[in-house]
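Following: one structure in structure tokens, then a few remarks.
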Amino acid sequence: MNSPIIKILDENTANKIAAGEVVERPASAVKELVENSLDAYSHKIEVAIDDGGVSFIRVSDDGVGMNPQDARMAILRHATSKISSAEDLYSVHSLGFRGEALPSIASVSRFSLTTRLHTEQLATYLEVLGGEITDIREAGAGVGTTVTITDLFYNTPARRKFLKTPTTESGYIHDILGKLALSHPEVAFKLINNQKLVLSTNGNGNLLDALASLYGPKICSEVFPVVFDGDEISISGYVAKPTLLKSSRQWQTFTVNGRIINSRLIAKALDNAYHSLLPKAGYPLAMLKITVPAETIDVNVHPQKNELKFRDESKIFKAVYRAVADTLSSPEITQIATPAPVFQGQSTYKYQTDHSSPSSTAPVRLWHEDPLPFAAVRESFRQEETLSAVGYDTATGASADNVFLQALGQVENCYIIAGGSDGLYIIDQHAAHERIIYDRLSQAGDLIPVQQLLIPLLLDFDSREIIIIEQNLDLFSQLGFLLEPIGPNTMRIGEMPADIQPAEAQEFIYDILKLLQTGSEISPTTLRHAYLQTAACRGAIKAGDPLNMRQLQALIQELFTTTLPYTCPHGRPIIIKFGADDLAKMFKRS
């Protein structure tokens, strides 16, 4: 008889498999532990981490704690106080219920737990190594529970290799703890990263105060309350003005019955409500707390409990859309989409149509000595000089050395129509100016034109972003930004690249932060190329900017001084040509 090929896995292996589902990274462990603290009716929760949570995590709370027997049971698989039968899965009110968090974490780390009930004189201390209890004794401690994790994934090195840099892993922890703080503003949260306090909420129950603690005090004037009561659905929270946008959904938090979830359904409803109000691509800040009857959702559809299923998805979609749309229909919001102030400086090559003098900048300091020739053309726009003064033959549209196209007009304030001896040309004005700026910056080598601000900009960032900025101050300096921290969430900008408008400084910094948060090693060459692309895109004229004939002609001539006039830095086409034969075919002449 053949030996059986199906075997029962031992407890240690089963725990490691469960850990792979539950504990994907340090942030997953923090989430599970903090949710346990919330279920224990804690009023204060403190999280401390080192090296992105890989070498050290400690979660302390002042909750109800456990007696010695419960402490032993807590590290066993499927041991839980939250449910007692399968029927309870359809009416779960706690954040944890699967009984896998502690044993899964303990199986892939050096784990210790200290816990004390308020009725006990002494606490219980447990040490676990690789899923096995190595020490258990009485200890002195306050009421509540403290879990300490060191050397996470020490016995699963393959999983450890998939982790990102400590900065990125710290960012994930900061994000999840921030969302947990918003979902429970009545609890005071602290996050200590490498012995530095980076997040703190007061736990007074005011959601607006919690938002201010995470995103800075200025956020209070940028958000509006959401209130909705429908059939079995209630929604509360805050949404931001359409002008307050992020490049990702990082500032969007959704909770259902107190549980943080990721939901494409809710995100889509939010996007639809904002659809016609957004001035550009991006994601607005939102904190939505949705309450529904427990029996109308299934929370047991994901090992990490960050997704759930609704019994009636269309009902939820309509409720979220209605709640947000009604808030955004307020006159206070619909009248705020005013254009950003136009900046004009000596080395800013955006083609402005007004001629006002700059009021917020000192003369631009260039890090290279010789400005490129087309700077004279740009300067002529302000001084009302003739094109011939900078080398143009206004009759032929040519310079002494090159023959250029003759500008004929502009379509939809987006495309330049130009004629040449060999046909008709259509030029994308934004892509063309991108190429011009990109080449100018590239020719500067490692040097970047910088403008010194007479009135420094004060910009607010969340605490995670502040950490990344402080860790990369030298890098930002190399890119032309002089950044100085002047508060827990505020940076002062004294210098910035000359090709970026002050009104766009924060969005530009967000672009750099997004690149730095990818977790991969970024070479100086890659970062510089990304900077040049972003600087060129943000500094270029936009689709919709009206240009006069002189500006159109100047843009064409400048384009043909670049190395690759037919493609933008992102690889998109700049020029479409219709030759004589093409036109003849269109008009059925051939």
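Along the sequence shown, the residues carry numbers beginning at 1. Since this is a predicted model, take the numbers as computed values, not measurements.
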Only distances under 3.5 Å count here; give the side-chain donor-acceptor pairs of residues 197-204 to other protein atoms, sequence neighbours excluded, each with its distance to 0.1 Å.
from, atom 1, to, atom 2, distance (Å)
Thr201, OG1, Phe189, N, 3.0
Asn202, OD1, Asn204, N, 3.0
Asn204, OD1, Asn206, N, 2.9
Asn204, ND2, Asp209, OD2, 2.7

Apply side-chain contact (heavy atoms from CB on, under 4.5 Å) to residues Ser37 and Val59 and explain how you reach the verdict. CA-CA 8 Å; Ser37 295; Val59 178; 4.0 Å; yes
Inter- and intrachain pairs under salt bridge (charged side-chain N to carboxylate O under 4.0 Å, His left out), touching residues 50-60, at least two apart: Glu46-Arg58
Please find the pair of heavy atoms, one from Lys289 and one from Pro185, that lie closest to each other, and give the distance. NZ-CD, 3.8 Å
Would you say the ring centers of Tyr274 and Tyr283 fall short of 6.0 Å from each other? no
Residue pair Thr145 / Val64, side-chain heavy-atom distance below 4.5 Å: no
Taking the basic N atoms (NZ, or NE/NH1/NH2) and the acidic carboxylate oxygens, is any pair closer than 4.0 Å for Asp326 and Arg322? yes
Indicate yes or no: at least one non-hydrogen side-chain atom of Met287 is less than 4.5 angstrom from one of Thr255. yes
For Asp462, is there any backbone N or O sitting under 3.5 Å from a side-chain donor or acceptor partner on Glu465? yes
Cationic N near anionic O, under 4.0 Å, Asp271 to Arg264: no
What closest approach, in Å, do Tyr510 and Asp460 show between heavy atoms, and which atom pair accounts for it? OH-O, 4.1 Å
How long is the span from the CZ atom in Phe56 to the CG atom in Asn194, to the nearest 0.5 Å? 11.0 Å
Minimum heavy-atom distance Ala123-Thr114, with the two atoms named: CB-CG2, 4.0 Å
Would you compute the distance between atom OG of Ser263 and atom CG of Leu288 and round it to the nearest 0.5 angstrom? 10.5 Å
Taking Ser109 for the side chain and Ile105 for the main chain, is one N or O donor matched with an acceptor at less than 3.5 Å? yes
Do side-chain atoms of Gln252 reach the backbone of Pro284 as a donor and acceptor pair under 3.5 angstrom? yes
Which heavy-atom pair separates Met491 from Ile469 by the least distance, and what is that distance? CE-CG2, 3.6 Å
Taking Leu180 as the fixed residue, which of Thr253, Ile260, Val47, Val187 is the one that meets the side-chain contact (heavy atoms from CB on, under 4.5 Å) rule? Ile260
Could you state the interatomic distance from CG (Leu191) to CG (Leu177), rounded to the nearest 0.5 Å? 5.5 Å
Looking at residues at least two apart in the chain, or sitting in another chain, which of them share a side-chain hydrogen bond (donor to acceptor under 3.5 Å, both in side chains) with Tyr125? Glu127
For Asp151 and Arg160, what are the C-alpha separation, side-chain angles and deciding distance, and is it a salt bridge (Lys or Arg N to Asp or Glu O under 4.0 Å)? CA-CA 10 Å; Asp151 208 7; Arg160 198 164 189 168; 2.9 Å; yes
Just checking Lys190: does its NZ atom have more than 12 heavy atoms from other residues, nucleotides or ligands closer to it than 6.0 angstrom? no
Between Gln471 and Thr167, does the side-chain hydrogen bond (donor to acceptor under 3.5 Å, both in side chains) criterion hold? Intermediate values first, please. CA-CA 9 Å; Gln471 291 174 341; Thr167 298; 3.0 Å; yes
Are Pro26 and Ile173 side-chain neighbours, meaning at least one heavy-atom pair lies under 4.5 Å? yes
Inspect the surroundings of CD in Glu186 and state if more than 12 heavy atoms from other residues, nucleotides or ligands are less than 6.0 Å away. yes
Close side-chain approach of Val108 to Arg159, heavy-atom, < 4.5 Å: no
Using modelled atom types and a 3.5 Å cut-off, is there a donor and acceptor pairing between side-chain atoms of Asn67 and backbone atoms of Asp70? yes
Looking only at atom types and distance, does a side-chain atom of Glu232 sit under 3.5 Å from a main-chain N or O of Val292, one as donor and one as acceptor? no
Ser60: side-chain hydrogen bond (donor to acceptor under 3.5 Å, both in side chains) partners, not counting sequence neighbours: Thr146
Can you list the steps and then say if Asn257 with Thr291 is a side-chain contact (heavy atoms from CB on, under 4.5 Å)? CA-CA 5 Å; Asn257 293 1; Thr291 303; 3.8 Å; yes
Nearest 0.5 Å, what's the CZ-CG distance between Phe317 and Leu270? 10.0 Å
Keeping to residues at least two apart or across chains, list the ring-ring contact (aromatic ring centres under 6.0 Å, His included) pairs with something in residues 227-267. Tyr215-Trp251
May I have the step-by-step check of side-chain contact (heavy atoms from CB on, under 4.5 Å) for Ile316 and Val256, ending in yes or no? CA-CA 11 Å; Ile316 297 295; Val256 175; over 6 Å; no
Looking at Asp62 and Lys44, is there a salt bridge between them, counting it only when a charged N and a carboxylate O are closer than 4.0 Å? no
Passes side-chain contact (heavy atoms from CB on, under 4.5 Å), Val147 versus Asn36? Steps please. CA-CA 11 Å; Val147 174; Asn36 281 346; over 6 Å; no
Thr115 side chain to Met66 backbone, donor-acceptor under 3.5 Å: yes
List the atom of Pro157, the atom of Tyr154, and the distance in Å for their closest heavy-atom pair. CD-O, 4.4 Å
Rounded to the nearest 0.5 angstrom, the NZ-NZ distance for Lys179 and Lys31 is 12.0 Å
In this structure, CD1 of Ile512 is separated from CG of Asn472 (nearest 0.5 Å) by 9.5 Å
Counting C-beta onward and ignoring hydrogens, is there a side-chain heavy-atom pair between Leu483 and Ile493 closer than 4.5 Å? yes
Determine whether a donor-acceptor pair (N or O, by modelled atom type, separation under 3.5 Å) exists between the side chain of Lys315 and the backbone of Phe310. no
Leu207 and Gly237 have their tightest heavy-atom pair at CD2-CA, 3.9 Å
Any side-chain heavy-atom pair from Ser170 and His174 closer than 4.5 angstrom? no
Contacts of Lys318 meeting salt bridge (charged side-chain N to carboxylate O under 4.0 Å, His left out) (sequence neighbours excluded), chain-then-number -> none
Is there side-chain contact between Ile266 and Ile261, with heavy atoms separated by less than 4.5 Å? yes
Validation row: Thr168, Tyr172 side chains within 4.5 angstrom (heavy atoms): yes
